[in-house]
Amino acid sequence: QVQLVESGGGVVQAGGSLRLSCAASKRTFANYAMGWFRQAPGKEREFVAAVSWTGGSTYYGNSVKGRFTISRDNAKNTGYLQMNSLKPEDTAVYFCAASKYNLPVPSGVTSYDYWGQGTQVTVSS
């Protein structure tokens, strides 16, 4: 089993940036695709971004394309989500997740096997 712990959330003004981190408990993290999802109050969990095992392939949700960048460092068992040009509508709890699938990079909630507890991101206008 893989345990995931997110960090880096907080409160930021619109137009600002944040970088989220996702620390994995196992060295086998490199054998999982990694994804980021978010969930705002009263809304369904939404796909944000995902990256393949090696980091060579990425995929983004339309609402964050061009503003967010996903990456990973398998030597550190850690994944990242760099969020730039943040908007109030980006406010949500952000979750990282690990999937045994690789390519194509998975974007569905049910494709992921392990989830972190989430970190709150609040963007003020």
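No chain of hydrophobic side-chain contacts below 4.5 Å, direct or via other Ile, Leu, Val, Met, Phe, Trp or Tyr residues, connects Val51 to Leu103. Transitive grouping of hydrophobic side chains (ILVMFWY, heavy atoms separated by less than 4.5 Å) brings Phe68 and Ile70 into a common cluster.
Side-chain contacts under 4.5 Å among hydrophobic residues (ILVMFWY), followed directly or transitively, place Val11 with no other residue at all.
For the pair Trp53 (side chain) and Ala30 (backbone), a donor-acceptor distance under 3.5 Å is absent. At distances below 3.5 Å, not a single donor-acceptor pair connects side-chain atoms of Gln117 with backbone N or O atoms of Val5. Formation of a donor-acceptor pair under 3.5 Å by the Arg45 side chain with backbone atoms of Phe95 is not found in this model. At distances below 3.5 Å, not a single donor-acceptor pair connects side-chain atoms of Thr119 with backbone N or O atoms of Tyr94. Between the side chain of Gln82 and the backbone N or O of Thr69, no donor-acceptor pair lies under 3.5 Å.
With a 4.5 Å cut-off on side-chain heavy atoms, Lys100 and Asn31 do not count as touching. Within the 4.5 Å cutoff, no side-chain heavy atoms of Leu20 are placed close to those of Glu6.
Shown here is Lys65, whose NZ atom has more than 12 heavy atoms of other residues, nucleotides or ligands within 6.0 Å. Few gaps surround CD on Gln120; more than 12 heavy atoms of other groups in view lie less than 6.0 Å from it.
Residue pairs meeting the ring-ring contact (aromatic ring centres under 6.0 Å, His included) criterion with at least one member in residues 106-125, sequence neighbours excluded: Tyr32-Tyr114, Phe37-Tyr112, Phe37-Trp115.
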Are Arg38 and Val64 close enough, and set up right, to give a side-chain contact (heavy atoms from CB on, under 4.5 Å), and what steps lead you there? CA-CA 11 Å; Arg38 65 188 183 186; Val64 306; 3.9 Å; yes
Just do the side-chain contact (heavy atoms from CB on, under 4.5 Å) check on Asn74 and Phe29 with the steps written out, would you? CA-CA 7 Å; Asn74 288 339; Phe29 176 65; 3.8 Å; yes
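Between Glu46 and Ser63, the shortest heavy-atom contact is OE2-OG, 3.2 Å.
Taking CG of Leu86 as the reference point, atom CZ of Arg67 lies at 6.5 Å (rounded to 0.5 Å).
Applying the side-chain contact (heavy atoms from CB on, under 4.5 Å) rule to Glu89 yields the partners Lys87; only residues at least two apart in sequence or on another chain are considered.
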